[in-house]
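First listed ligand is number 1; within each ligand, the first listed atom is number 1. Values below: every heavy atom of this structure, side chains too, minus hydrogens, waters and symmetry copies. Because the structure is a prediction, the values reported are computed rather than measured.
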Amino acid sequence: MLFNNTQLERIAGAETPFYYYDLDLLNDTLDQVKAAADKRGFHVHYALKANFNERLLDLIQSKGFGADCVSGAEVQKSIDKGFTPEKITFAGVGKSDKEIITALKHGIFAFNVESIQEMEVINELAGEQNVVAHVSLRINPNVDANTHHYITTGLDENKFGVPTSELETAADVIRNATNVSLIGLHFHVGSQITDMNVFKSLCVKVNEWKNWFEDRGTQIRVLNVGGGLGVDYHDPDGNPIPDFEAYFDIFDKFLERSALHEVHFELGRAIVGQCGSLITRVLYTKSGLKKNFLILDAGMTELMRPALYQAYHKIEKVGFSDSQKEMIYDVVGPICESSDCFGKEVPLPESGRGNLIAIRTAGAYGEVMASNYNLREEVRYIYSDEL
Ligand SMILES: *Cc1c(COP(=O)(O)O)cnc(C)c1O
């Protein structure tokens with residue numbers, strides 16, 4: 001159960017829709033990931049793009065995690081939130097000059113560089129500031145993440161990283177650049193990966209490319225294997241915390257490393273996915289010729305994943321049901337788009353106007369993707385310690 005009786009009474013009159021964040025669950029998740037990483041000497045950077053809600057960031061920062069950023073504003077945000085610059089990385093295929101300068105000024109730990117041209121621009125801008133930028137080269141290892149094609153990033157056909165065919169040139173450019181220093185290699189093959197064999201294949205590629213560079217006389221210090229660990233969207237109560245032990249074990253076993261190497265991770269979804277739920281009310285019910293619809297006051301403007309990636313989220317009726325009858329609903333939002341649908345043919349206790357519905361596992365890529373399309377109001381949120 002998402003809420004106890006007291007909490008249910010407290011949210012009965014709350015204005016919907018809102019994100020509900022369970023800070024206790026986030027706290028437990030952070031403790032588990034930290035313990036599992038520390039035990040193996042691994043470093044974890046939190047991928048801000050999954051959720052940059054203020055109190056979530058405060059809690060994550062307070063536990064000593066690093067920050068993985070994909071824009072200049074995220075770099076600035078992590079600085080403002082107290083993440084130390086030595087633990088901030090900056091990735092992304094399209095870093096603007098302005099964003100690069102922001103990151104250089106703050107002296108972040110490393111840029112994860114995604115093309116030779118970007119390397120040259122960072123070298124030039126770092127030269128103007130009289131600094132040497134630390135860079136990791138993002139390599140596209142051509143590993144299939146077996147996930148939705150919109151969240152696969154490590155295939156040759158994807159826009160991310162330096163293609164392996166260009167690494168020879170990249171190594172030359174780095175050798176001749178006076179204001180960049182190569183400290184590591186970076187990989188990130190996709191998101192919502194639940195098949196551990198994908199990470200095993202990734203380790204094989206990381207070993208290969210690490211050796212490739214080291215055989216050519218370039219010592220690699222940081223092996224950054226990215227993020228991508230998935231969460232259980234189907235059973236959020238059964239599996240509220242991902243199996244970090246099993247995940248890190250794969251890298252512990254299959255990554256070749258010596259005392260000279262640091263292993264870095266950039267986890268987003270696995271850390272914040274389960275702590276958030278979107279709470280919404282039924283506005284109307286409607287029976288079509290073949291369908292029953294539940295029309296909610298939340299839509300793709302609050303949670304875009306179903307419309308964007310046909311993503312599954314568990315949908316539940318909140319609280320006790322006065323009806324024992326189970327119905328099959330298409331659960332839809334109010335936005336003027338047919339893709340504004342949270343689930344088709346969802347079995348739920350009979351529901352009606354005013355009933356609360358929870359869309360679970362919405363902590364990652366939920367609130368941060370909200371838009372004001374249809375001039376929707378800014379999305380609200382409530383933390384568990386406010387109830
Ligand atoms: C999005 C992203 C991550 C985080 O991915 P998750 O699947 O949320 O763990 C990590 N690294 C990079 C470079 C990313 O773009």
At what distance, to the nearest 0.5 angstrom, does CD1 of Ile271 lie from NZ of Lys63?
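That separation rounds to 12.0 Å.
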
Name all residues meeting the ring-ring contact (aromatic ring centres under 6.0 Å, His included) criterion together with Phe3; count only those two or more places apart in sequence or in a different chain, and write none if there are none.
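By the ring-ring contact (aromatic ring centres under 6.0 Å, His included) rule, Phe3 matches Tyr20.
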
If the condition is ring-ring contact (aromatic ring centres under 6.0 Å, His included), which residues does Tyr247 pass it with, not counting sequence neighbours?
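Residues passing ring-ring contact (aromatic ring centres under 6.0 Å, His included) with Tyr247: Phe199, Phe251, Phe265.
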
Mind checking whether His264 and Phe109 have ring centres under 6.0 Å apart?
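That pair passes the under 6.0 Å test.
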
Apply side chain to side chain donor-acceptor pair (under 3.5 Å) to Tyr21 and Glu367, showing your working.
CA-CA 11 Å; Tyr21 290 117; Glu367 187 193 335; 2.6 Å; yes

What does the contact table look like for ligand 1 (nitrogen or oxygen on each side, cut-off under 3.5 Å)?
{"unit_1": "ligand 1", "atom_1": "7 (O)", "unit_2": "Ser191", "atom_2": "OG", "d": "2.3"}
{"unit_1": "ligand 1", "atom_1": "7 (O)", "unit_2": "Gly228", "atom_2": "N", "d": "3.4"}
{"unit_1": "ligand 1", "atom_1": "8 (O)", "unit_2": "Arg269", "atom_2": "N", "d": "2.8"}
{"unit_1": "ligand 1", "atom_1": "8 (O)", "unit_2": "Tyr365", "atom_2": "OH", "d": "2.6"}
{"unit_1": "ligand 1", "atom_1": "9 (O)", "unit_2": "Gly228", "atom_2": "N", "d": "2.9"}
{"unit_1": "ligand 1", "atom_1": "9 (O)", "unit_2": "Gly268", "atom_2": "N", "d": "3.0"}
{"unit_1": "ligand 1", "atom_1": "11 (N)", "unit_2": "Asp68", "atom_2": "OD2", "d": "3.3"}
{"unit_1": "ligand 1", "atom_1": "11 (N)", "unit_2": "Glu266", "atom_2": "OE1", "d": "2.6"}
{"unit_1": "ligand 1", "atom_1": "15 (O)", "unit_2": "Lys49", "atom_2": "NZ", "d": "2.7"}

What ring-ring contact (aromatic ring centres under 6.0 Å, His included) pairs are there with at least one residue in residues 221-242, not counting sequence neighbours?
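Every ring-ring contact (aromatic ring centres under 6.0 Å, His included) pair that includes a residue of residues 221-242, provided the two are not neighbours, is Tyr233-His313, His234-Tyr312.
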
